[in-house]
Amino acid sequence: MAAPPPFPADDEAPADQPGLRKIIHVDMDAFFASVEQRDNPELRGKPVAVGGAGGRGVVAAASYEARVFGVRSAMPSVTASRLCPDLIFVRPRFDAYKEASRQIRRVFEHYTPIIEPLSLDEAYLDVTEDRLGIGSATRIATLIRQEIRAKTQLTASAGVSYNKFLAKLASDQNKPDGMCIIRPGEGAQFVAGLPIRRFHGVGPKAEAKMQRLGIATGADLAAKDIAFLREHFGSMADYLFRAARGIDLRPVAAHRIRKSVGGERTFSEDIDSGGALRDTLETIIGIVWERIEASGARGRTVTLKLKFTDFQIMTRATSLPHYLSDREEFARLSRALLEAELPLRGPIRLMGLTLSGLEGAEDDKPARDEAQLRLL
């Protein structure tokens with residue numbers, strides 16, 4: 001089968017290709033750390049981590065100066081300090097991040113109403129029919145990045161393509177402060193050359209398993225048939241099969257109704273001891289409650305999510321006849337859910353909490369609540 005023709009000179013899809021979308025993925029560069037460096041000139045050019053510096057602290061975001069030393073989000077603060085002895089820890093300022101996010105959202109709305117936020121600092125935009133009649137997704141992405149810089153003094157990277165999967169890959173290609181375009185007909189070839197760890201959802205354990213199976217790149221993955229993938233990766237197989245071919249049929253989902261508030265943490269090392277599990281839960285309780293308060297949400301159901309090293313997921317939930325009254329009630333229910341499962345059948349690689357059965361959440365939410373926490 002012949003590949004679809006590439007975009008014309010202005011990088012846009014021909015009008016005779018119905019259904020072909022123009023998608024932009026915008027991702028702010030080291031967002032929380034960049035806001036801190038913007039607001040405090042003394043932090044500029046220095047390695048900065050947003051998060052707690054104590055024994056149970058976790059890095060929520062790291063400046064690019066810190067990333068040079070291997071410091072990453074979701075890393076324990078003690079590990080980050082060992083990697084970068086001069087690392088400066090800054091406590092999160094949620095109000096500042098939310099205000100910057102609102103400014104960025106207004107920039108997006110200038111060009112399209114079809115916006116799908118993933119978190120405070122990233123979103124998908126469908127500009128197939130843009131508000132200003134510009135017509136060129138590449139031009140729109142350039143204007144958006146320029147306008148964000150002018151209005152917030154922050155930099156953004158962008159990916160432009162014909163589906164969400166490719167646009168997100170593209171936005172990460174030339175970070176920081178860069179842009180990448182993947183045109184129709186180029187998706188499969190682009191994906192073929194990527195290391196498998198670049199695929200969304202492929203963490204360290206999945207990558208190691210793929211390496212054992214001889215899968216190191218997108219091309220290696222595309223060479224495996226669906227039966228092989230289902231045998232080894234279960235429910236993830238269909239996604240991997242499509243992704244290896246640059247296929248993603250999901251629309252940009254604007255105006256979604258908020259169904260839950262929460263977040264999850266993937267660990268750099270698997271954990272199974274009761275003490276480590278309880279400590280981790282306390283960290284997540286604090287983070288998720290911040291999100292609940294910020295959203296104005298009220299809910300009745302608390303759900304604990306655990307993903308084991310074999311990628312099996314277990315969820316446990318408890319519901320109340322009334323809306324949760326405060327943080328302590330949320331914490332008590334969360335702890336009870338975990339204690340009921342201890343000892344676990346094996347180590348886990350991810351833990352998450354959500355509050356659902358909501359009433360009263362903000363309509364204009366800045367983030368997809370189910371999105372993985374950046375350990376704020």
Side-chain angles (χ1 to χ4, degrees), residues 29-37 43 46-94 97 119-121 197 200-208 262-291 304-309 311 313-314 327 330-331 334-335 337-339 341-344 346-354 367 371-376:
D29 300 319
F31 182 54
F32 302 146
S34 294
V35 170
E36 297 299 338
Q37 290 177 317
L43 297 177
K46 297 179 180 178
V48 174
V50 176
R56 295 183 181 180
V58 176
V59 175
S63 69
Y64 282 95
E65 294 86 354
R67 295 183 189 188
V68 171
F69 294 88
V71 178
R72 296 289 184 271
S73 62
M75 176 179 286
S77 297
V78 291
T79 303
S81 295
R82 285 198 301 268
L83 292 172
C84 181
D86 295 326
L87 188 63
I88 302 170
F89 282 92
V90 179
R91 297 299 302 175
R93 294 185 302 131
F94 294 100
Y97 310 146
S119 62
L120 289 174
D121 62 338
R197 66 178 176 274
H200 179 67
V202 177
K205 292 291 184 180
E207 181 186 7
E264 58 195 32
R265 175 183 175 187
T266 300
F267 314 119
S268 56
E269 297 180 1
D270 301 331
I271 60 173
D272 59 2
S273 74
L277 291 167
R278 293 183 183 100
D279 287 349
T280 299
L281 181 67
E282 292 303 316
T283 298
I284 297 177
I285 287 170
I287 294 165
V288 173
W289 188 254
E290 289 275 5
R291 293 176 68 97
L304 172 71
K305 175 182 176 182
L306 302 172
K307 181 184 287 187
F308 292 89
T309 53
F311 291 90
I313 295 174
M314 179 179 75
R327 183 189 189 281
F330 175 69
S334 302
R335 293 168 189 146
L337 288 171
L338 176 62
E339 292 297 331
E341 301 305 320
L342 295 179
L344 299 179
I348 63 170
R349 64 189 306 270
L350 176 149
M351 179 187 290
L353 283 173
T354 58
Q372 180 169 332
L373 287 179
R374 294 187 178 227
L375 277 293
L376 310 184

(message) Walk me through whether Glu65 and Val48 qualify under side-chain contact (heavy atoms from CB on, under 4.5 Å).
(response) CA-CA 7 Å; Glu65 294 86 354; Val48 174; over 6 Å; no

Do Arg278 and Arg335 pass the side-chain contact (heavy atoms from CB on, under 4.5 Å) test, and can you show the C-alpha distance, the side-chain angles, and the key distance before you say yes or no? CA-CA 8 Å; Arg278 293 183 183 100; Arg335 293 168 189 146; over 6 Å; no

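For Ser34 (side chain) and Asp29 (main-chain N/O), a donor-acceptor pair under 3.5 Å exists by modelled atom type. Counting only distance, with no hydrogens or angles, the side chain of Thr354 and the backbone of Gly262 share no donor-acceptor pair below 3.5 Å. No donor-acceptor distance shorter than 3.5 angstrom exists from the side chain of Glu36 to the backbone of Ala49, with no hydrogens or angles considered. Between the Arg349 side chain and the Phe311 main chain, no donor and acceptor come within less than 3.5 Å of each other. Judged by distance alone, with hydrogens and angles left aside, the side-chain atoms of Arg72 form no donor-acceptor pair with the main-chain N or O of Ala62 at under 3.5 Å.
Atom OG1 of residue Thr280 and atom CG of residue Leu350 lie 11.0 Å apart, to the nearest 0.5 angstrom. Atom CG of Leu43 and atom CD of Gln37 lie 6.5 Å apart (nearest 0.5 Å). Between the CD atom in Glu264 and the CG atom in Leu306 there is a gap of 11.0 Å [rounded to 0.5 Å].
Between Leu281 and Leu337 there is no side-chain heavy-atom pair separated by less than 4.5 Å. Annotation: side chain of Leu277 is not in contact with side chain of Asp272 (no heavy-atom distance under 4.5 Å). In this structure, Leu353 and Leu304 have side chains that are in contact, with non-hydrogen atoms separated by less than 4.5 Å. Inter-residue side-chain proximity for Glu282 and Ile285 is flagged as met; some heavy-atom pair is nearer than 4.5 Å. Side-chain contact between Asp270 and Lys205 is present, with at least one heavy-atom pair separated by less than 4.5 Å. The shortest side-chain heavy-atom distance between Phe308 and Leu344 falls under the 4.5 Å cut-off. Contact check for Asp121 versus Phe32: no side-chain heavy atoms found under the 4.5 Å cut-off.
Across every non-hydrogen atom of Ala276 and Ile271, the tightest pair is O-CD1, 4.1 Å. Taking each heavy atom of Ala30 and Ser63 in turn, the nearest pair found is CB-CA, 4.3 Å. Across all non-hydrogen atoms, the minimal contact from Phe89 to Gly51 is CD2-O, 4.0 Å. When all heavy atoms of Glu207 and Val202 are compared, the pair lying nearest together is N-CG1, 3.8 Å. Among all heavy-atom pairs drawn from Leu87 and Ser81, the shortest one is CD2-N, 4.4 Å. Nearest heavy atom pair, residue Ala33 against residue Ala61, reads N-CB, 4.2 Å.
Cation-pi check for Arg327 over Phe330 is not met; the charged atom does not lie both under 6.0 angstrom from the ring centroid and within 45 degrees of its normal.
The environment of Arg93 atom CZ is dense: over 12 non-hydrogen atoms of other residues, nucleotides or ligands sit within 6.0 angstrom.
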